[in-house]
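To start, the structure under review is shown below, and the notes come after it.
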Amino acid sequence: MSVFPHSRLFLGPSKSVLISGPHIQVLDTHTGNLLHSTATLDGLETAKLLKSGPVRCSTVDRGFTYVVTSGEDKKLKVWEVDGLKLLSERELPKKPTEIRVTQDGQTIVVSDKFGDIFSYPLHLDPSLERTESEGNTGTTKRGTLASHENPSNGTLILGHTSLLTSFVLTSDEQFVISADRDEHVRVSWFPQGYVIERYCLGHEKFVSAIHVPSFAPSQLVTGGGDPVLKLWDWMSEPFIVVKAPISRYGRSDDDDGDDGEQEKVEKIGRRGRKGRGKKAKGKGKNEGVGEEAMQEQEQGEAGQSMVSAEGEGTEDVVMGDVESEAQVESERVTQVQAEAQEAEATTVEGALGEAAEKDKLVFALRRIDSADVHGQGQFLVFSAVGATALFFCVFPSSPQTKPPVVQSLDLKKPVLDFTVGAGGHIWVLVDDERPSTSERPTGESDERAVRLVSWLDGKLVEVHGAESKTFSLLTSLNTTCVLPATASDLKTLDLYSALSSLPKNVDPEHDPMRRENQNQNLDAFEIESVASSRAGTPIPGGSKKGKAKSGGPTQRELARMKNKKAVLAKMQEQEQAKMKVGDGAGAELGGVTDEERENKKARAADSEGSVQAL
């Protein structure tokens, strides 16, 4: 029988809250007794709950009085822990990514996939709700700065230009630290989020998890797509090194202008005929145009004319050469044919490269937390999306210390989430519906949705057997709280969607920082292809400079190859049309001449007969 996996567990001093699919369950922390559950609601309320979809984001207030959830319907719901009574329900502008409640329990802070963070009062005031007659425009000046309308009259705190993955409020709630999909970590004032205190820049991929340890509030731990954890002293002055971008000609923008222009002239001269007939790119467009005019003037004096072949290199035809226009046209057709064949050969390599790219592993951190274990030290604990292990390391005491070694505890099934409890115990939620990566010991059941982990000599060990039975809450989580689910219910959970939604397209075609270098490589690739095709020895794999790292052609190369094939087909059609027109014109010309001759003979005979009759 399929069951809903537990996706979130909040441990309180007297009550604990468990999230399983679309359902919420409240248990007694000490005895493990199930106190309340949304699965026991009446038929109408249960149908409405299931229609809202699985719970994506959830949190509880500090006193474990209220539970705040949001599902696929983008409804922000506030529940009362005692009795699980739905107190309020309001619509969010976009799907949320994180929900938190302030320490006073009066404000809900929500981040969404459009990069904005809004705040809402915990207790809904009907007088502040918008009506259709009022429209959807912001009621405040700051509200008009949001990237999208807010139907629930939320207050805009701050905004990113990318998907906001996570955020935390500092212990004094004077700052909000937010992270996004574009490798940014920002420290802003709260609730005056428009005041940016500093940035923490250094990640090369998305940032999906951030954490401020309770025993080190001045330290910030971040992680995401990079296979490293970064520790920041975010309260100190920022230290950011910015290098000048490298231009297309290998010099930075702050270099001396005269030297840059001289070097550019030398490089254009070395490129030779490749730059003719085109407009200059980048800086110094006017200078490039002047050089082209001087070259054309010199060519005119020498009695030469230039013919450009669809912008792919040039062909110089001297007036006194023996080659005719037909020979030049034939050479162009041969060149395009060779490049078309090369495109077909590289298409297979490109498909293999794309298949290898799809099989590439994606690393994404789900959660980072810390544990202060008495007598053993301070540790960092974190999990990754889809990983079957729980990772941990010693918390660095100072930046000068050697980076700690990351260790892991393999639980044989994907870790969905974990919660650090009292005494350093860690409650780990696993995906029980996934097959185990290895066989368990004989006689031990593997159908446990929650695992208990403790510390022993600075390492994590799983609690088994009789010791685990002493925790009544653990037994209840694995038995009483298990809720049945259908195959369609499990499919809608989409527990591992972050592996496909968080990584960005890193192809050079979509990376503006690498696009200029890619153009240079493509130019070199085309020059080598043209030279090799003229010599009769085409390069099967093309130039290494013009290839992607995976061994296949890039999207830009495939597009150019496709364009060349289209040009070849068009040129062949034009030649065939010329031949047909020439043959038809000759036949028509001959036919007209014979007909005119017959008409003249007929008219001459008629005139002679008329004369004789007279």
Side-chain angles (χ1 to χ4, degrees), residues 271-279 281 292-293 295-351 519 521-543 546-547 552-596:
R271 283 199 303 246
R273 299 172 181 175
K274 181 67 180 67
R276 300 178 183 177
K278 284 188 175 182
K279 294 182 179 180
K281 296 181 179 179
E292 291 178 0
Q295 291 176 358
E296 292 178 358
Q297 182 178 0
E298 293 175 358
Q299 293 169 2
E301 294 175 358
Q304 298 180 356
S305 63
M306 182 175 294
V307 181
S308 178
E310 296 297 331
E312 299 296 332
T314 56
E315 297 286 349
D316 288 351
V317 182
V318 183
M319 297 296 292
D321 288 347
V322 181
E323 293 182 350
S324 62
E325 293 184 0
Q327 291 175 336
V328 175
E329 189 72 17
S330 176
E331 183 179 352
R332 290 174 57 193
V333 173
T334 303
Q335 174 186 343
V336 178
Q337 286 178 345
E339 292 172 350
Q341 292 176 358
E342 183 181 355
E344 294 178 358
T346 55
T347 301
V348 178
E349 298 179 4
N519 292 339
N521 296 338
L522 288 173
D523 293 342
F525 171 75
E526 291 167 0
I527 293 174
E528 293 184 10
S529 300
V530 172
S532 59
S533 62
R534 290 179 181 176
T537 57
I539 303 175
S543 173
K547 293 296 180 183
T554 62
Q555 297 180 1
R556 192 182 186 91
E557 288 181 86
L558 293 177
R560 290 191 176 186
M561 294 298 181
K562 185 177 180 180
N563 187 26
K564 292 174 184 177
K565 293 177 67 177
V567 171
L568 173 62
K570 187 175 181 179
M571 292 171 61
Q572 291 178 346
E573 291 179 0
Q574 291 177 353
E575 289 182 355
Q576 294 177 0
K578 288 180 180 179
M579 295 177 60
K580 291 181 180 180
V581 171
D583 296 341
E588 183 180 358
L589 180 60
V592 170
T593 303
D594 294 339
E595 185 177 359
E596 289 180 353

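Reckoned from all heavy atoms, side chains included, excluding hydrogens, waters and symmetry mates.
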Open item on the list: If you define the side chain from C-beta out and look only at heavy atoms, does anything of Leu568 sit under 4.5 Å from Lys564?
Closed with: no
- [ ] Could you grab the distance from atom CD of Glu575 to atom CD of Glu573, nearest 0.5 Å is fine?
- [x] 11.0 Å
- [ ] Would you give the length of the straight line joining atom NZ of Lys562 to atom NZ of Lys565, rounded to the nearest 0.5 angstrom?
- [x] 9.0 Å
